[in-house]
Amino acid sequence: MINVFIDGQAGTTGLQLEQRLSTRDDIRLLTIDPALRKDPTTRLDLMNKADVIFLCLPDDEARKSAVFAPADKLVIDASPAHRVTQGWAYGMPELSHDYRNALIGAKRIAVPGCHAAGFISMIYPLLEAGLTAKDTKLCCNSLTGYSGGGRQMIEQYESIRLHGDKLSVPRPYALGLTHKHLPEMKAVCGLTHPPHFMPTVGDFYQGMFVTVQLWDLDLSDIHQAWTHHYKNSRFIRVMPIEESVEVGFMDITACNETNNIDLFVFGHETQVLLGARLDNLGKGASGAAVQCMNIALSLDEDLGLRGV
């Protein structure tokens with residue numbers, strides 16, 4: 001049995017992790033009394049009993065907890081706190097053999113951010129194929145469900161909505177252009193400039209669609225680069241090229257309750273639109289965390305993620 005402690009199990013990602021792991025017969029979840037969630041002695045006792053510790057905490061608390069955790073335990077951080085920190089493996093094994101190998105036997109793993117996972121999954125293979133350059137200035141937009149904002153935002157939406165409110169319209173945010181996912185988007189892709197990034201939250205619970213605009217690239221070259229790069233991937237799926245965006249509206253919730261990312265390329269001779277569809281609570285959070293644990297422990301990569 002693998003003993004697992006979720007530090008922050010009452011949060012959105014923590015609850016999702018508990019749900020995904022509770023059905024596995026190889027996992028024993030170590031729970032904490034809600035009244036003792038912040039008690040350091042109780043938490044350290046559970047960490048010492050655990051084989052795997054998931055951090056589902058705000059950034060500053062995750063940093064403190066990571067220092068607190070025993071060095072010989074596998075710690076998987078779902079917050080942005082360690083995504084560009086030296087000594088922490090970045091949990092996106094689909095990017096390369098080096099990224100995958102860094103997870104095997106790792107003791108410290110940072111789970112990618114949801115927006116970043118969509119952006120990086122589209123851009124990384126194009127850089128590897130030489131279809132775009134690292135000094136290209138990129139623009140990225142992302143539409144996401146409100147669960148990405150955590151418990152406070154979920155409560156805000158689900159309580160106020162009953163009375164009617166302006167939350168029913170999409171809300172762009174991080175307009176100061178300093179979103180917390182930007183450092184990993186730039187660092188993992190090796191970009192000279194961080195992308196110009198504007199996320200938007202909508203009045204739906206989960207699901208997201210990340211887009212990047214490019215010019216003067218052939219759609220088939222992009223599709224071929226993605227197809228080659230992800231040919232052995234279990235969770236990143238390259239969708240058929242659509243001849244026209246007029247085929248219909250994009251259902252950005254179609255990957256909900258899965259660990260998949262669906263990649264799309266739209267456009268024509270001079271303009272290209274890249275799109276990544278994923279579940280912000282799946283491959284954008286708890287699903288990716290489970291996948292990282294499986295690889296680190298040399299288990300089947302999709303264990304507990306099949307048919308979720």
Side-chain angles (χ1 to χ4, degrees), residues 6-22 34 37-38 54-62 77-81 83 111-119 121 140-182 184-185 195-212 248-262 275-290 308:
I6 302 172
D7 196 8
Q9 65 189 46
T12 307
T13 302
L15 290 171
Q16 286 279 322
L17 266 171
E18 186 174 12
Q19 178 183 337
R20 291 173 184 269
L21 294 174
S22 61
R37 285 189 300 112
K38 296 185 179 181
F54 288 99
L55 305 182
C56 302
L57 300 163
D59 300 12
D60 289 341
E61 292 303 315
D77 186 6
S79 85
R83 291 172 183 161
V111 179
C114 53
H115 302 288
F119 175 83
S121 66
C140 177
N141 294 282
S142 183
L143 176 61
T144 184
Y146 59 79
S147 60
R151 179 189 293 181
Q152 185 176 358
M153 182 175 285
I154 292 170
E155 291 176 351
Q156 182 185 30
Y157 267 84
E158 296 188 347
S159 61
I160 296 179
R161 185 198 294 138
L162 299 175
H163 311 290
D165 190 84
K166 292 182 180 178
L167 293 180
S168 62
V169 300
R171 296 192 299 166
Y173 66 101
L175 298 176
L177 305 181
T178 57
H179 191 277
K180 60 186 179 181
H181 291 183
L182 283 169
E184 62 186 292
M185 294 161 79
H196 191 295
F197 175 52
M198 188 188 78
T200 300
V201 63
D203 187 19
F204 56 99
Y205 186 73
Q206 71 191 92
M208 66 190 311
F209 191 54
V210 185
T211 59
V212 175
F249 293 99
M250 170 63 64
D251 177 7
I252 69 173
T253 66
C255 284
N256 284 6
E257 308 300 336
T258 77
N259 196 49
N260 297 332
I261 298 179
D262 289 346
R277 177 174 64 190
L278 63 153
D279 183 352
N280 58 291
L281 299 179
K283 187 63 166 159
S286 62
V290 172
V308 174

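- Remark: side-chain polar atoms of Arg277 are not paired, donor with acceptor, to backbone N or O of Val210 under 3.5 angstrom.
- Using a 4.5 Å heavy-atom threshold, the side chains of Leu17 and Val290 count as touching.
- When all heavy atoms are compared, the tightest approach of Lys283 to Ala288 is O-CB, 3.3 Å.
- Rounding to the nearest 0.5 Å places CZ of Phe119 at 11.5 Å from CG of Asn141.
- In this structure, Gln156 and Ser159 approach most closely via the heavy-atom pair O-OG, 3.4 Å.
- In this structure the side chain of Phe54 never reaches within 4.5 angstrom of the side chain of Gln9, judged on heavy atoms.
- Interatomic distance, His179 NE2 to Cys140 SG, rounded to the nearest 0.5 Å: 10.0 Å.
- Of all heavy-atom pairs between Ile252 and Phe204, the closest is CD1-CZ, 3.4 Å.
- Across all their heavy atoms, Val111 and Ala285 have their closest contact at CG1-O, 3.7 Å.
- Under the side-chain hydrogen bond (donor to acceptor under 3.5 Å, both in side chains) criterion, Asp251 pairs with Thr253, sequence neighbours left out.
- The aromatic rings of Tyr146 and Tyr157 sit parallel, their planes meeting at an angle under 30°, below the 60° perpendicular limit.
- With rounding to the nearest 0.5 angstrom, the CG atom of Leu143 is 9.5 Å from the CE atom of Met198.
- Between Ser147 and Asn280 there is a side-chain heavy-atom pair separated by less than 4.5 Å.
- In this structure, the side chain of Arg151 engages the main chain of Ala10 through a donor-acceptor pair within 3.5 Å.
- Residues Leu281 and Tyr205 meet the side-chain proximity criterion, which asks for heavy atoms closer than 4.5 Å.
- Across Leu182 and Pro195, no two heavy atoms sit closer than the pair CD2-O, 3.4 Å.
- Gln206 and Asp279 share a donor-acceptor pair across their side chains, judged by distance under 3.5 Å alone.
- Looking only at distances, no side-chain donor or acceptor of Glu184 sits under 3.5 Å from a matching main-chain atom of Ala116.
- For the pair Cys255/Met208, no side-chain contact is recorded, criterion being any heavy-atom separation below 4.5 Å from C-beta on.
- Residue Ala117 comes nearest to Ile261 through the heavy atom pair O-CD1, 4.1 Å, listed as atom of the first residue, atom of the second, then distance.
- Here CG of Asp77 is found 7.5 Å from CZ of Arg83. Values are rounded to the nearest 0.5 Å.
- Looking at heavy atoms from C-beta onward, Ser168 lies in side-chain contact with Asp203 at the 4.5 angstrom threshold.
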